[in-house]
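The block underneath contains the structure these notes are about, expressed in structure tokens.
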Amino acid sequence: MSKIKNKTSLKTLFSEAQISKRVDALAREIVADYPKEFLVIVILKGSFVFAADLIRALETNGGSAQVDFISLSSYGLGSNSSGKVTVKQDLIEDVSGRPVLVIDDILESGRTIAFAVEMMKKRHAATVKTCLLLDKPGRRKVDIEADYVGFKIDPYFVVGYGLDLANKYRGLPYIGIIEDI
Ligand code: IMP
Ligand code: MG
């Protein structure tokens, strides 16, 4: 248990070391499956920390990812999903004809990743797979599973390692559960 400045209690769910080990294993799996060059699409904002570690682990393991970013939102400032996914900021790259790996922080209802996958297919990506740091299988509203998953978790609200609550806690180096939410 750690106390951060505003005295909110956080229980560590995954430590820095656990995350790092898992990210390296994911990278090895991805490198084994993908062509040497491919395009990683990072869904902002939640997955930027995970993506930064993953693309370096890909390179260390012999892969070479090009990177682009898209900002999607299905949440307001709180923790309730509105259900509708909107594009806040689009890609710069043309995905047409390229093998694509879409990265996000959490698979919950499935709406965000399903929307992103559909978008890449419509834009004629050569192949589309998904890599999610966390999966809350009990919370699915759309029939979709990720191709690569870091950790499956119970439906806690988690923060840190890029994940936020109302735009806070993204910089925590570990993943924690807020206990007094
Ligand atoms: P989905 O569209 O319901 O699958 O929503 C996934 C998105 O909801 C993720 O990209 C996160 O931004 C957000 N989200 C879901 N659960 C959590 C959580 O426990 N902490 C922080 N953000 C979450
Ligand atoms: Mg997100």
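FYI, the numbering just counts along the sequence from 1. The structure presented is a predicted model; accordingly, all values stated were derived computationally and were not measured. Indexing begins at 1, ligand by ligand and atom by atom, following the structure's order.
Proximity of Val158 to ligand 1, defined as any heavy-atom pair under 4.0 Å, is shared by backbone and side chain alike.
Those atoms of ligand 1 with a heavy atom of Tyr156 less than 4.0 angstrom away are 19 (O). Atom numbering of ligand 1 starts at 1 in the shown order; those under 4.0 Å from a heavy atom of Arg111 are 2 (O), 4 (O). Of all atoms in ligand 1, listed by their number and element, those nearer than 4.0 Å to a heavy atom of Lys136 are 16 (N), 17 (C), 18 (C), 19 (O). Residue Leu163 has at least one heavy-atom neighbour below 4.0 Å for each of these atoms of ligand 1: 21 (C), 22 (N). Counting the atoms of ligand 1 from 1 in the order shown, those under 4.0 Å from a heavy atom of Thr112 are 1 (P), 2 (O), 5 (O), 6 (C). Close contacts of ligand 1 with Asp104, meaning ligand atoms under 4.0 Å from a residue heavy atom, involve 10 (O). Taking every non-hydrogen atom of Asp164 and a distance limit under 4.0 Å, the qualifying atoms of ligand 1 come out as 21 (C).
The shortest separation from a heavy atom of Val159 to ligand 1 is not under 4.0 Å, leaving the residue out of contact. Taking a 4.0 Å cut-off on heavy atoms, Ser109 registers as neighbouring ligand 1.
The existence of a salt bridge linking Asp24 and Arg56 is excluded, since no basic side-chain nitrogen approaches an acidic carboxylate oxygen closer than 4.0 Å. Glu108 has a carboxylate O that lies under 4.0 Å from a charged side-chain N of Lys136, or vice versa, which qualifies the two as a salt bridge. Ion pairing between a basic and an acidic side chain is recognised when a charged N comes within 4.0 Å of a carboxylate O; Arg22 and Asp53 show no such pairing. Between Arg98 and Glu93, at least one side-chain nitrogen of the basic residue sits less than 4.0 Å from a carboxylate oxygen of the acidic one, meeting the salt-bridge criterion.
Ring planes of Tyr148 and Tyr34: tilted class, angle from 30 to 60°.
Using modelled atom types, one side-chain atom of Asp68 and one backbone atom of Ile92 make a donor-acceptor pair closer than 3.5 Å. In this structure, Glu118 contributes its side chain and Phe115 its backbone to no donor-acceptor pair below 3.5 Å.
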